[in-house]
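Step one of this worksheet: look at the structure below.
In what follows, every heavy atom counts, from backbone to side chain, and hydrogens, waters and symmetry copies are set aside.
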Amino acid sequence: MNSLRICVLRDEPVRGDGGFVLYWMVAARRTRHTFALQRAVAIARKARRPLLVLEALRAGYPYASDRLHRFVIDGMADNAARLRAAGVAYHPYVEPRPGDGKGLVAALARHACAVVTDDFPAFFLPKMLAAAAAQVPCRLEAVDGNGLLPVRVADRAFPTAYAFRRFVQARLAAWVADAPAPDPLGGPGLPRLPGLPDGVAERWPATEESIDLARLPIDHDVPPAPIRGGEAAARERLHDFVAQRLDAYDADRNHPDRDATSGLSPYLHFGHVSAHEVFAAVAPGWAAPPEGRRPDGRRDGWWGLDPSREAFLDQLVTWRELSFNRSALREDAATYDGLPPWARRTLEAHALDPRQHLYSLDDLESARTHDPLWNAAQRQLVREGRLHNTLRMLWGKKVLEWSPSPREAFERMTHLNDRYALDGRDPNSAAGIAWCLGLFDRPWGPERPIFGTVRYMSSQNTARKVAVREYLRRHGP
DNA sequence: ATCGGCTCGCGCAA
DNA sequence: TGCGCGAAGCCGAT
């Protein structure tokens, strides 16, 4: 495991007299293909101490809802089964009320040889980690298992996919070779942990899969999504995609009426599957581009694979990792102010243009606009927790067109996506939205009202280019 | 049906 | 300094 993956937040020797090594799982919520768990196991083996995995879910984080909670708790059931079978202590904890979990990590860390956790460059996790670092009295490491490349491998954020592709193409082969262990729990067993430190289980009791979400102070107006979360569902989804849909990905992925996308985004977001495992399933044995291929930033043919695999890997590697790189290196990544200067310039020059349709956030949230295709997209987001890629672009463009200002449009899109999308609050998802306002894109003439030179899209043209009849029917009122 | 122009910033070649 | 090129577009001319 490359040292760029490990961020030492508290640099102390591993305590020989600790009761266990603590892995505080917050982002890579899985037991396979995970650098963080692998690191925690390695420290525990060397110290000959048990491992304790704490998987926590707060109640008071932004947008906490039945939907997001259900998905994470599904994953906890998988992790519980796997870890308990491997003889590793596992403590799943869902906060009953905001703040109740305060002190749990510190209470465990007092007895720990060292603490390992996940490094995730977005949402409230960096702040939570910084706060925890002040409470943990022993060695604390945050492990970056987000992507094929460590998120901090570059020292700058890239402005375009083209520029990032050049960078990735020159380095990817080496990083692909440095993959996490498929099963970090394999090999010699660890000593068993006799029990949690006194008082911990009483004050912070373990959560059951059957927990009653209705009793939690979270947003009950966003019901669970129609898909199950967790590592097992993620793996099933991955293998189903590779077997059933990958071959037609290039031809079908942009067509809302065809069931052609991978649907892996929510699982990647919650760490129920790793980018490495997805990569290995899609491009088994891939080690390097064809002989003599230059890292020129071009998309086609670089991998030496068929067009469908190349198209999917461009999503998984170029676009996803571009957004993680941006999220880790730019403080303003998740804000309107983080848009490229040309885009802000042109949007603000048109901020006061008259709007033909001006909707309130409530109109948008309730899918009450004059545009049936947009309403269908919004209903898919609200009902299913996802939004087809092709329509997400159109969806965002129209939020810009129908909002009082570009800044307000950005806030609304972020709100709707973070609240309803299972993969909201993720760098990749956030970049997909910001793209609608010019991020990673280029200007396109002619200059238009509201958009300026930001790329324009119309529902009419979208419906002309791709079939949406079935989509409109399925996501009708 | 296809084509060019619209427009900006970059990386590289010269 | 010039040039080619880029997430998925749009529109009008041919």
(request) Would you please name every residue forming a side chain to side chain donor-acceptor pair (under 3.5 Å) with A:S360, sequence neighbours left out? (result) A:D363
(request) Please work out if A:M393 contacts a base, only the sugar-phosphate, or nothing of the nucleic acid, heavy-atom cut-off 4.0 Å. (result) base
(request) Look at all strands and tell whether A:R165 reaches a base, only sugar-phosphate, or nothing, counting heavy atoms closer than 4.0 Å. (result) sugar-phosphate
(message) Taking ring pair (Phe, Tyr, Trp, His ring centres under 6.0 Å) as the definition, give me every residue that meets it alongside A:H350, ordered by chain and number, with sequence neighbours left out.
(response) none
Give a yes or no on whether a salt bridge exists between [X] and [Y], defined as a side-chain N under 4.0 angstrom from a carboxylate O.
| X | Y | answer |
| --- | --- | --- |
| A:R237 | A:D240 | no |
| A:R407 | A:D337 | yes |
| A:R70 | A:D74 | yes |
| A:R82 | A:E231 | no |

(request) Return the residues of residues 249-261 of chain A meeting this criterion: a heavy atom under 4.0 Å from some atom of DNA chain B. Order them by number, or give none. (result) none
Strictly under 3.5 Å: I want the nitrogen or oxygen pairs between protein and nucleotides 8-11 of chain B, one per line.
from, atom 1, to, atom 2, distance (Å)
B:dG9, OP1, A:R345, NH2, 3.1

Neighbours of DNA chain C within [range], by heavy-atom distance under 4.0 Å:
| range | result |
| --- | --- |
| residues 428-435 of chain A | A:W435 |
| residues 394-413 of chain A | none |
| residues 310-319 of chain A | A:Q315, A:W319 |

Please list each protein N or O that sits under 3.5 Å from an N or O in nucleotides 11-14 of chain C, with the distance.
from, atom 1, to, atom 2, distance (Å)
C:dC11, OP2, A:N461, ND2, 3.3

Using atom types as modelled, flag every donor-acceptor pair under 3.5 Å from a side chain in residues 449-457 of chain A to any protein atom, sequence neighbours excluded.
from, atom 1, to, atom 2, distance (Å)
A:R455, NE, A:D441, OD2, 2.8
A:R455, NH2, A:D441, OD1, 2.7
A:R455, NH2, A:D441, OD2, 3.3

(message) Between C:dG12 and B:dT7, how many Å separate the two P atoms, rounded to a whole number?
(response) 16 Å
(message) Given a 3.5 Å cut-off on both pairing distances, which stems involving DNA chain B, each at least three consecutive Watson-Crick or G-U pairs, are present, if any?
(response) B:1-6 with C:9-14, B:8-13 with C:1-6
(message) With salt bridge (charged side-chain N to carboxylate O under 4.0 Å, His left out) as the rule and sequence neighbours excluded, what pairs involving residues 257-267 of chain A come up?
(response) A:D252-A:R258
(request) Could you tell me whether a side-chain N or O of A:H239 sits under 3.5 Å from a main-chain N or O of A:R235, the two making a donor and an acceptor? (result) yes
Please tabulate, for side-chain N and O atoms in residues 146-159 of chain A, each donor-acceptor pair with protein atoms closer than 3.5 Å (sequence neighbours left out).
from, atom 1, to, atom 2, distance (Å)
A:N146, ND2, A:D119, O, 2.7
A:N146, ND2, A:D144, OD1, 2.9
A:R152, NH1, A:D119, OD2, 2.9

